[in-house]
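Taking it in order: structure first as C-alpha coordinates, then the write-up.
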Amino acid sequence: MEIGSLGKIIAAHDLFIGFDQAFLDLVTGCAKNVRVEAGRYLFHEGDPADEIYLIREGRVALEISAPGRGSMVFQAAGPGEAIGLSWLVPPYRWNYDGRSTDLTRAISVDAACLRRKCEADHDLGFAVMQRFMPVIVERLHATRLQLLDVYGSHV
Amino acid sequence: MFDLRDPMVPAVARVIRSRHETADVWTLDLELVDAVWPGFSPGQFNMLSVFGVGEAPISFSGEPTDNAHIVHTVRAVGPVSKALCHLKVGDTVGVRGPFGNAWPMDHARGRDVIVVAGGLGLAPVRPVLYRLMADRRSHGRVTLLYGARNPGEILYRHEIEKWRTRLDIDVEVTVDHATADWRGHVGVVTKLIGRARFDPADAVAIVCGPEVMMRFAAKALADSGIPEKEIYLSMERNMKCGIGLCGHCQLGPLFICRDGPVFTQDRLRTLMATKEL
(Lines give C-alpha, C1' and ligand atoms only; values in the text may rest on other atoms or scores of the structure.)
Protein backbone atom coordinates (compact mmCIF):
# COMPACT_ATOMS: atom_id res chain seq x y z
CA MET A 1 0.00 0.00 0.00
CA GLU A 2 1.22 3.50 -0.79
CA ILE A 3 2.39 5.66 2.10
CA GLY A 4 -0.17 8.31 1.08
CA SER A 5 -3.19 6.05 1.46
CA LEU A 6 -1.76 4.49 4.64
CA GLY A 7 -1.41 7.99 6.07
CA LYS A 8 -5.05 8.71 5.25
CA ILE A 9 -6.16 5.56 7.02
CA ILE A 10 -4.12 6.44 10.11
CA ALA A 11 -5.39 10.03 10.03
CA ALA A 12 -8.97 8.69 10.01
CA HIS A 13 -8.40 6.34 12.94
CA ASP A 14 -9.95 7.52 16.23
CA LEU A 15 -6.54 7.66 17.92
CA PHE A 16 -5.08 10.09 15.41
CA ILE A 17 -8.02 12.21 14.22
CA GLY A 18 -6.81 15.83 14.04
CA PHE A 19 -3.17 14.85 14.53
CA ASP A 20 -0.59 17.27 13.14
CA GLN A 21 0.23 16.31 9.53
CA ALA A 22 4.01 16.43 9.99
CA PHE A 23 3.75 14.14 13.01
CA LEU A 24 1.33 11.92 11.13
CA ASP A 25 3.90 11.46 8.38
CA LEU A 26 6.45 10.36 10.97
CA VAL A 27 4.01 7.82 12.46
CA THR A 28 3.06 6.59 8.99
CA GLY A 29 6.73 5.94 8.25
CA CYS A 30 6.65 3.27 10.98
CA ALA A 31 3.33 1.69 9.92
CA LYS A 32 2.04 -1.10 7.75
CA ASN A 33 -1.29 -2.81 7.07
CA VAL A 34 -1.98 -6.18 8.62
CA ARG A 35 -4.76 -8.74 8.26
CA VAL A 36 -5.32 -11.43 10.87
CA GLU A 37 -7.66 -14.37 10.37
CA ALA A 38 -10.22 -15.20 13.05
CA GLY A 39 -8.75 -17.37 15.78
CA ARG A 40 -5.13 -16.35 15.13
CA TYR A 41 -3.02 -14.73 17.82
CA LEU A 42 -1.46 -11.33 17.20
CA PHE A 43 0.81 -11.70 20.21
CA HIS A 44 1.31 -13.74 23.35
CA GLU A 45 2.04 -12.85 26.95
CA GLY A 46 5.77 -12.31 27.42
CA ASP A 47 6.44 -11.50 23.73
CA PRO A 48 8.29 -8.26 22.96
CA ALA A 49 5.74 -5.45 22.62
CA ASP A 50 7.16 -4.31 19.33
CA GLU A 51 3.90 -3.36 17.62
CA ILE A 52 0.94 -1.10 18.26
CA TYR A 53 -2.28 -2.13 16.51
CA LEU A 54 -4.82 0.41 15.34
CA ILE A 55 -7.91 -1.72 14.72
CA ARG A 56 -9.85 -0.90 11.54
CA GLU A 57 -12.18 -3.89 11.30
CA GLY A 58 -12.87 -6.98 13.34
CA ARG A 59 -12.21 -7.56 17.01
CA VAL A 60 -9.28 -8.64 19.14
CA ALA A 61 -9.84 -10.36 22.48
CA LEU A 62 -7.27 -9.61 25.14
CA GLU A 63 -6.96 -12.58 27.43
CA ILE A 64 -5.01 -14.07 30.27
CA SER A 65 -4.76 -17.80 30.90
CA ALA A 66 -5.50 -18.96 34.41
CA PRO A 67 -4.77 -22.51 35.59
CA GLY A 68 -7.97 -24.52 35.69
CA ARG A 69 -10.01 -21.72 34.12
CA GLY A 70 -8.59 -21.55 30.63
CA SER A 71 -8.33 -18.23 28.82
CA MET A 72 -10.25 -15.38 30.42
CA VAL A 73 -11.09 -12.45 28.15
CA PHE A 74 -10.92 -9.18 30.08
CA GLN A 75 -11.29 -6.80 27.17
CA ALA A 76 -12.14 -6.83 23.49
CA ALA A 77 -10.93 -4.11 21.16
CA GLY A 78 -12.85 -3.21 18.02
CA PRO A 79 -12.72 -0.70 15.17
CA GLY A 80 -11.31 2.68 16.19
CA GLU A 81 -9.46 1.28 19.17
CA ALA A 82 -5.75 0.78 19.75
CA ILE A 83 -4.02 -2.08 21.48
CA GLY A 84 -0.42 -2.35 22.47
CA LEU A 85 0.04 0.18 25.25
CA SER A 86 2.97 -1.88 26.53
CA TRP A 87 5.08 -0.27 23.81
CA LEU A 88 5.42 2.76 26.08
CA VAL A 89 6.84 1.14 29.17
CA PRO A 90 10.12 -0.83 29.57
CA PRO A 91 10.79 -3.71 29.28
CA TYR A 92 8.28 -3.47 26.38
CA ARG A 93 6.63 -6.87 26.76
CA TRP A 94 3.02 -7.96 26.33
CA ASN A 95 1.30 -8.80 29.59
CA TYR A 96 -1.52 -10.77 27.97
CA ASP A 97 -2.47 -12.60 24.78
CA GLY A 98 -4.22 -10.94 21.86
CA ARG A 99 -6.46 -13.15 19.72
CA SER A 100 -8.45 -12.12 16.68
CA THR A 101 -12.07 -13.25 17.19
CA ASP A 102 -13.13 -12.10 13.72
CA LEU A 103 -11.19 -11.38 10.59
CA THR A 104 -9.29 -8.31 11.75
CA ARG A 105 -7.75 -5.58 9.67
CA ALA A 106 -5.43 -3.18 11.46
CA ILE A 107 -2.56 -0.78 11.05
CA SER A 108 0.52 -2.12 12.75
CA VAL A 109 2.96 0.54 13.97
CA ASP A 110 6.55 -0.56 14.61
CA ALA A 111 6.96 0.40 18.27
CA ALA A 112 10.78 0.55 18.25
CA CYS A 113 10.65 2.83 15.21
CA LEU A 114 8.11 5.13 16.86
CA ARG A 115 10.03 5.18 20.15
CA ARG A 116 13.18 6.24 18.29
CA LYS A 117 11.33 9.05 16.54
CA CYS A 118 9.70 10.20 19.79
CA GLU A 119 13.12 10.21 21.48
CA ALA A 120 14.62 12.24 18.64
CA ASP A 121 11.72 14.71 18.50
CA HIS A 122 10.17 15.39 21.90
CA ASP A 123 7.40 17.46 20.34
CA LEU A 124 6.30 14.34 18.50
CA GLY A 125 6.78 12.33 21.70
CA PHE A 126 4.55 14.72 23.64
CA ALA A 127 1.89 14.73 20.93
CA VAL A 128 1.89 10.93 20.83
CA MET A 129 1.65 10.79 24.63
CA GLN A 130 -1.33 13.14 24.51
CA ARG A 131 -3.07 10.61 22.27
CA PHE A 132 -2.21 7.54 24.33
CA MET A 133 -2.78 8.94 27.82
CA PRO A 134 -6.60 9.25 27.49
CA VAL A 135 -6.71 5.63 26.30
CA ILE A 136 -4.69 4.55 29.33
CA VAL A 137 -6.84 6.57 31.75
CA GLU A 138 -10.05 5.27 30.16
CA ARG A 139 -8.83 1.68 30.50
CA LEU A 140 -7.80 2.25 34.10
CA HIS A 141 -11.25 3.64 34.86
CA ALA A 142 -12.98 0.77 33.07
CA THR A 143 -10.82 -1.71 34.99
CA ARG A 144 -11.88 -0.10 38.27
CA LEU A 145 -15.52 -0.54 37.32
CA GLN A 146 -14.93 -4.17 36.35
CA LEU A 147 -13.18 -4.75 39.69
CA LEU A 148 -16.24 -3.37 41.50
CA ASP A 149 -18.21 -6.26 40.01
CA VAL A 150 -21.27 -4.01 39.89
CA TYR A 151 -23.54 -6.70 38.45
CA GLY A 152 -22.81 -9.21 41.19
CA SER A 153 -25.12 -9.94 44.11
CA HIS A 154 -24.28 -7.55 46.92
CA VAL A 155 -26.50 -7.86 49.97
CA MET B 1 -64.09 -9.17 44.25
CA PHE B 2 -61.00 -7.81 45.99
CA ASP B 3 -60.42 -4.06 45.74
CA LEU B 4 -56.85 -3.22 44.70
CA ARG B 5 -57.42 0.44 45.44
CA ASP B 6 -56.38 0.06 49.08
CA PRO B 7 -52.61 0.31 48.68
CA MET B 8 -51.80 -1.21 52.07
CA VAL B 9 -53.74 -4.46 51.68
CA PRO B 10 -52.23 -7.15 49.45
CA ALA B 11 -54.30 -9.04 46.93
CA VAL B 12 -53.60 -12.72 46.48
CA ALA B 13 -52.01 -13.89 43.24
CA ARG B 14 -51.14 -17.36 42.04
CA VAL B 15 -47.94 -18.34 40.27
CA ILE B 16 -48.90 -19.67 36.88
CA ARG B 17 -45.40 -19.93 35.43
CA SER B 18 -41.82 -19.81 36.71
CA ARG B 19 -38.82 -19.52 34.39
CA HIS B 20 -35.23 -20.01 35.46
CA GLU B 21 -33.41 -17.21 33.59
CA THR B 22 -29.84 -17.37 34.91
CA ALA B 23 -28.14 -19.01 37.91
CA ASP B 24 -29.91 -16.84 40.48
CA VAL B 25 -32.68 -15.13 38.51
CA TRP B 26 -36.25 -16.31 37.93
CA THR B 27 -39.20 -14.78 36.10
CA LEU B 28 -42.64 -15.33 37.62
CA ASP B 29 -45.95 -14.97 35.83
CA LEU B 30 -48.73 -14.22 38.31
CA GLU B 31 -52.50 -14.14 38.05
CA LEU B 32 -54.72 -12.44 40.61
CA VAL B 33 -57.03 -14.86 42.41
CA ASP B 34 -59.98 -12.61 43.21
CA ALA B 35 -59.28 -9.18 41.76
CA VAL B 36 -59.00 -7.44 38.41
CA TRP B 37 -55.52 -6.30 37.51
CA PRO B 38 -55.58 -2.61 36.49
CA GLY B 39 -52.41 -2.81 34.39
CA PHE B 40 -49.13 -0.98 34.82
CA SER B 41 -46.88 1.53 33.10
CA PRO B 42 -43.27 0.58 32.26
CA GLY B 43 -41.07 1.63 35.17
CA GLN B 44 -43.57 0.94 37.94
CA PHE B 45 -43.25 -1.77 40.57
CA ASN B 46 -45.29 -4.02 42.83
CA MET B 47 -44.71 -4.94 46.46
CA LEU B 48 -44.65 -8.73 46.44
CA SER B 49 -45.01 -10.65 49.68
CA VAL B 50 -44.25 -14.25 50.47
CA PHE B 51 -46.53 -15.11 53.34
CA GLY B 52 -44.62 -15.70 56.54
CA VAL B 53 -41.36 -14.37 55.05
CA GLY B 54 -41.78 -10.73 54.09
CA GLU B 55 -42.34 -8.21 51.31
CA ALA B 56 -40.07 -6.70 48.63
CA PRO B 57 -40.44 -4.17 45.80
CA ILE B 58 -40.11 -5.80 42.37
CA SER B 59 -40.33 -4.00 39.02
CA PHE B 60 -42.59 -5.15 36.24
CA SER B 61 -40.74 -6.93 33.49
CA GLY B 62 -43.53 -8.12 31.23
CA GLU B 63 -45.59 -6.91 28.30
CA PRO B 64 -47.46 -3.74 29.38
CA THR B 65 -50.51 -4.55 27.25
CA ASP B 66 -50.97 -7.97 28.83
CA ASN B 67 -53.49 -7.40 31.60
CA ALA B 68 -54.02 -11.10 32.22
CA HIS B 69 -50.56 -11.73 33.66
CA ILE B 70 -48.32 -9.87 36.06
CA VAL B 71 -44.69 -10.59 35.20
CA HIS B 72 -41.78 -10.01 37.55
CA THR B 73 -38.14 -10.97 37.24
CA VAL B 74 -36.44 -11.59 40.57
CA ARG B 75 -32.88 -12.24 41.65
CA ALA B 76 -32.45 -14.46 44.69
CA VAL B 77 -30.47 -12.18 46.98
CA GLY B 78 -32.24 -11.72 50.34
CA PRO B 79 -34.74 -13.86 52.25
CA VAL B 80 -37.83 -12.52 50.44
CA SER B 81 -36.37 -12.63 46.95
CA LYS B 82 -34.99 -16.12 47.57
CA ALA B 83 -38.44 -17.26 48.72
CA LEU B 84 -40.01 -15.67 45.62
CA CYS B 85 -37.55 -17.47 43.35
CA HIS B 86 -38.35 -20.80 44.97
CA LEU B 87 -42.10 -20.50 44.45
CA LYS B 88 -43.70 -23.23 42.39
CA VAL B 89 -46.61 -23.07 39.97
CA GLY B 90 -49.80 -22.88 42.03
CA ASP B 91 -48.19 -21.18 45.03
CA THR B 92 -49.67 -17.88 46.15
CA VAL B 93 -48.12 -14.49 46.89
CA GLY B 94 -49.36 -11.13 48.09
CA VAL B 95 -49.46 -8.25 45.62
CA ARG B 96 -49.72 -4.54 46.35
CA GLY B 97 -49.43 -2.06 43.52
CA PRO B 98 -48.73 -0.85 40.98
CA PHE B 99 -46.63 1.88 42.59
CA GLY B 100 -44.34 4.65 41.42
CA ASN B 101 -43.99 6.72 38.29
CA ALA B 102 -43.09 5.53 34.82
CA TRP B 103 -40.46 5.79 32.13
CA PRO B 104 -41.16 8.75 29.80
CA MET B 105 -42.79 6.81 26.98
CA ASP B 106 -44.92 9.67 25.66
CA HIS B 107 -42.05 12.13 25.93
CA ALA B 108 -39.86 9.73 23.92
CA ARG B 109 -42.19 9.70 20.93
CA GLY B 110 -40.57 11.19 17.85
CA ARG B 111 -37.10 11.10 19.40
CA ASP B 112 -34.09 8.82 19.38
CA VAL B 113 -34.20 6.50 22.36
CA ILE B 114 -31.10 5.00 23.90
CA VAL B 115 -31.65 2.38 26.57
CA VAL B 116 -28.65 1.52 28.74
CA ALA B 117 -29.10 -1.44 31.07
CA GLY B 118 -26.81 -3.41 33.31
CA GLY B 119 -27.28 -6.83 34.91
CA LEU B 120 -30.78 -7.32 36.29
CA GLY B 121 -31.51 -3.72 35.21
CA LEU B 122 -32.67 -5.13 31.89
CA ALA B 123 -35.84 -6.39 33.60
CA PRO B 124 -37.43 -2.99 34.39
CA VAL B 125 -36.66 -1.71 30.87
CA ARG B 126 -37.98 -4.78 29.03
CA PRO B 127 -41.53 -3.29 29.07
CA VAL B 128 -40.02 -0.14 27.54
CA LEU B 129 -38.45 -2.19 24.75
CA TYR B 130 -41.74 -4.00 24.12
CA ARG B 131 -43.48 -0.63 23.81
CA LEU B 132 -40.81 0.83 21.55
CA MET B 133 -40.90 -2.17 19.23
CA ALA B 134 -44.70 -2.24 19.14
CA ASP B 135 -44.75 1.44 18.24
CA ARG B 136 -41.48 1.51 16.32
CA ARG B 137 -42.50 4.08 13.69
CA SER B 138 -43.21 6.70 16.32
CA HIS B 139 -39.55 6.95 17.33
CA GLY B 140 -36.24 7.84 15.79
CA ARG B 141 -33.28 5.54 16.27
CA VAL B 142 -33.72 2.98 19.02
CA THR B 143 -30.63 1.55 20.72
CA LEU B 144 -30.20 -0.96 23.50
CA LEU B 145 -26.81 -1.16 25.20
CA TYR B 146 -26.66 -3.97 27.73
CA GLY B 147 -23.88 -4.97 30.08
CA ALA B 148 -23.68 -8.19 32.06
CA ARG B 149 -21.14 -9.77 34.33
CA ASN B 150 -20.35 -12.66 31.98
CA PRO B 151 -22.10 -14.44 29.07
CA GLY B 152 -23.84 -16.87 31.43
CA GLU B 153 -25.55 -14.00 33.25
CA ILE B 154 -27.06 -12.34 30.19
CA LEU B 155 -30.73 -11.92 30.97
CA TYR B 156 -33.43 -12.80 28.41
CA ARG B 157 -30.70 -14.07 26.10
CA HIS B 158 -33.07 -15.58 23.52
CA GLU B 159 -35.06 -12.37 23.30
CA ILE B 160 -31.93 -10.28 22.91
CA GLU B 161 -30.81 -12.56 20.08
CA LYS B 162 -34.21 -12.06 18.45
CA TRP B 163 -34.06 -8.28 18.86
CA ARG B 164 -30.61 -8.27 17.28
CA THR B 165 -32.05 -9.72 14.08
CA ARG B 166 -34.34 -6.71 13.69
CA LEU B 167 -33.08 -4.06 11.30
CA ASP B 168 -34.80 -1.17 13.06
CA ILE B 169 -33.12 -1.39 16.46
CA ASP B 170 -29.42 -1.39 17.40
CA VAL B 171 -28.57 -3.89 20.11
CA GLU B 172 -25.10 -4.15 21.63
CA VAL B 173 -24.17 -6.45 24.48
CA THR B 174 -20.98 -6.39 26.49
CA VAL B 175 -19.72 -8.47 29.39
CA ASP B 176 -17.19 -7.64 32.08
CA HIS B 177 -15.26 -10.83 31.44
CA ALA B 178 -15.67 -13.93 29.33
CA THR B 179 -14.23 -17.25 28.38
CA ALA B 180 -12.47 -17.66 25.06
CA ASP B 181 -15.58 -18.86 23.20
CA TRP B 182 -17.29 -15.45 23.57
CA ARG B 183 -16.91 -13.36 20.42
CA GLY B 184 -18.70 -10.19 21.47
CA HIS B 185 -17.76 -7.03 23.35
CA VAL B 186 -15.83 -7.31 26.58
CA GLY B 187 -15.64 -4.23 28.76
CA VAL B 188 -17.88 -1.87 30.67
CA VAL B 189 -21.23 -0.86 29.19
CA THR B 190 -20.33 2.84 29.29
CA LYS B 191 -17.76 2.16 26.58
CA LEU B 192 -20.56 1.33 24.15
CA ILE B 193 -22.17 4.75 24.54
CA GLY B 194 -19.48 6.54 22.56
CA ARG B 195 -20.11 4.30 19.55
CA ALA B 196 -23.92 4.36 19.63
CA ARG B 197 -25.77 6.27 16.92
CA PHE B 198 -28.19 8.91 18.17
CA ASP B 199 -28.81 12.62 17.90
CA PRO B 200 -27.95 13.97 21.37
CA ALA B 201 -30.01 17.09 20.77
CA ASP B 202 -33.12 15.02 20.18
CA ALA B 203 -32.61 11.90 22.25
CA VAL B 204 -34.01 10.45 25.43
CA ALA B 205 -31.85 8.10 27.49
CA ILE B 206 -33.28 5.42 29.76
CA VAL B 207 -30.80 3.93 32.21
CA CYS B 208 -31.31 1.07 34.62
CA GLY B 209 -28.88 -1.04 36.59
CA PRO B 210 -26.69 -0.95 39.67
CA GLU B 211 -26.32 2.59 40.97
CA VAL B 212 -22.57 2.78 40.30
CA MET B 213 -23.13 1.72 36.72
CA MET B 214 -25.97 4.25 36.31
CA ARG B 215 -23.82 7.06 37.72
CA PHE B 216 -21.09 6.50 35.15
CA ALA B 217 -23.51 5.74 32.34
CA ALA B 218 -25.36 9.01 33.01
CA LYS B 219 -22.06 10.87 32.96
CA ALA B 220 -21.04 9.25 29.66
CA LEU B 221 -24.44 10.08 28.14
CA ALA B 222 -24.15 13.69 29.32
CA ASP B 223 -20.61 13.83 27.92
CA SER B 224 -22.01 12.66 24.59
CA GLY B 225 -24.26 15.71 24.55
CA ILE B 226 -27.62 14.51 25.91
CA PRO B 227 -28.99 17.12 28.36
CA GLU B 228 -29.26 15.79 31.93
CA LYS B 229 -32.99 16.44 31.95
CA GLU B 230 -33.32 13.92 29.11
CA ILE B 231 -31.44 11.18 30.97
CA TYR B 232 -33.83 9.04 33.04
CA LEU B 233 -32.68 6.63 35.72
CA SER B 234 -34.56 4.18 37.91
CA MET B 235 -33.49 4.29 41.54
CA GLU B 236 -33.62 1.53 44.08
CA ARG B 237 -33.85 1.97 47.84
CA ASN B 238 -35.29 0.08 50.78
CA MET B 239 -38.96 0.55 49.90
CA LYS B 240 -41.57 -0.60 52.42
CA CYS B 241 -44.95 1.12 52.23
CA GLY B 242 -44.83 2.02 48.54
CA ILE B 243 -46.79 5.25 48.99
CA GLY B 244 -44.38 7.70 50.62
CA LEU B 245 -45.52 7.30 54.22
CA CYS B 246 -42.87 5.29 56.02
CA GLY B 247 -39.76 7.12 54.82
CA HIS B 248 -37.59 4.02 54.40
CA CYS B 249 -36.75 4.92 50.81
CA GLN B 250 -36.00 8.58 51.39
CA LEU B 251 -33.20 10.04 49.29
CA GLY B 252 -32.68 13.63 50.40
CA PRO B 253 -35.94 15.43 49.64
CA LEU B 254 -37.28 12.52 47.59
CA PHE B 255 -39.21 9.39 48.38
CA ILE B 256 -38.17 6.84 45.79
CA CYS B 257 -41.48 4.94 45.96
CA ARG B 258 -43.70 7.98 45.60
CA ASP B 259 -41.64 10.51 43.61
CA GLY B 260 -39.85 7.83 41.60
CA PRO B 261 -38.45 5.33 41.02
CA VAL B 262 -37.74 7.10 37.71
CA PHE B 263 -35.91 10.43 37.96
CA THR B 264 -33.95 12.62 35.60
CA GLN B 265 -30.22 12.94 36.04
CA ASP B 266 -30.40 16.69 36.74
CA ARG B 267 -32.37 15.86 39.92
CA LEU B 268 -30.20 12.93 40.94
CA ARG B 269 -26.63 14.00 40.17
CA THR B 270 -25.93 15.71 43.47
CA LEU B 271 -27.96 13.22 45.52
CA MET B 272 -26.16 10.21 44.06
CA ALA B 273 -22.80 11.82 44.79
CA THR B 274 -23.70 12.39 48.46
CA LYS B 275 -22.28 9.45 50.40
CA GLU B 276 -24.39 10.18 53.49
CA LEU B 277 -27.55 9.48 51.48
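The chains referred to below are lettered A, B, ... by the order of the sequence lines, with proteins before strands, and numbering in each begins at 1.
In this structure, Trp26(B) and His20(B) have parallel ring planes: the angle between them is below the 30° cut-off, well short of the 60° mark.
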Margin query: The test is salt bridge (Lys or Arg N to Asp or Glu O under 4.0 Å); show your working for Arg164(B) and Glu159(B) and say whether it passes.
Written below: CA-CA 9 Å; Arg164(B) 288 187 77 151; Glu159(B) 264 184 308; over 6 Å; no
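Residue Ala61(A) does not touch chain B at all, counting heavy-atom pairs closer than 4.5 Å. Proximity to chain B is limited to the side chain of Glu63(A), based on heavy atoms less than 4.5 angstrom apart. Looking at Arg99(A), the atoms closer than 4.5 Å to chain B (heavy atoms on both sides) all sit in the side chain, from C-beta outward.
Checked for salt-bridge contact, Arg35(A) and Glu37(A) meet the test: a charged N lies under 4.0 Å from a carboxylate O.
When each of Tyr92(A), Phe132(A), Trp94(A) is paired with Trp87(A), the ring pair (Phe, Tyr, Trp, His ring centres under 6.0 Å) condition holds for Phe132(A) and for no other.
Residues Glu51(A) and Phe43(A) are not in side-chain contact: their nearest non-hydrogen atoms beyond the backbone lie 4.5 Å or more apart.
When the candidates Asp176(B), Thr179(B), Asp181(B), Asn150(B) are compared by the number of heavy-atom contacts under 4.5 Å with chain A, Asp176(B) comes out ahead. Between chain A and the residues Gly187(B), Gly209(B), Ala180(B), Ala178(B), the largest count of heavy-atom pairs under 4.5 Å involves Ala178(B).
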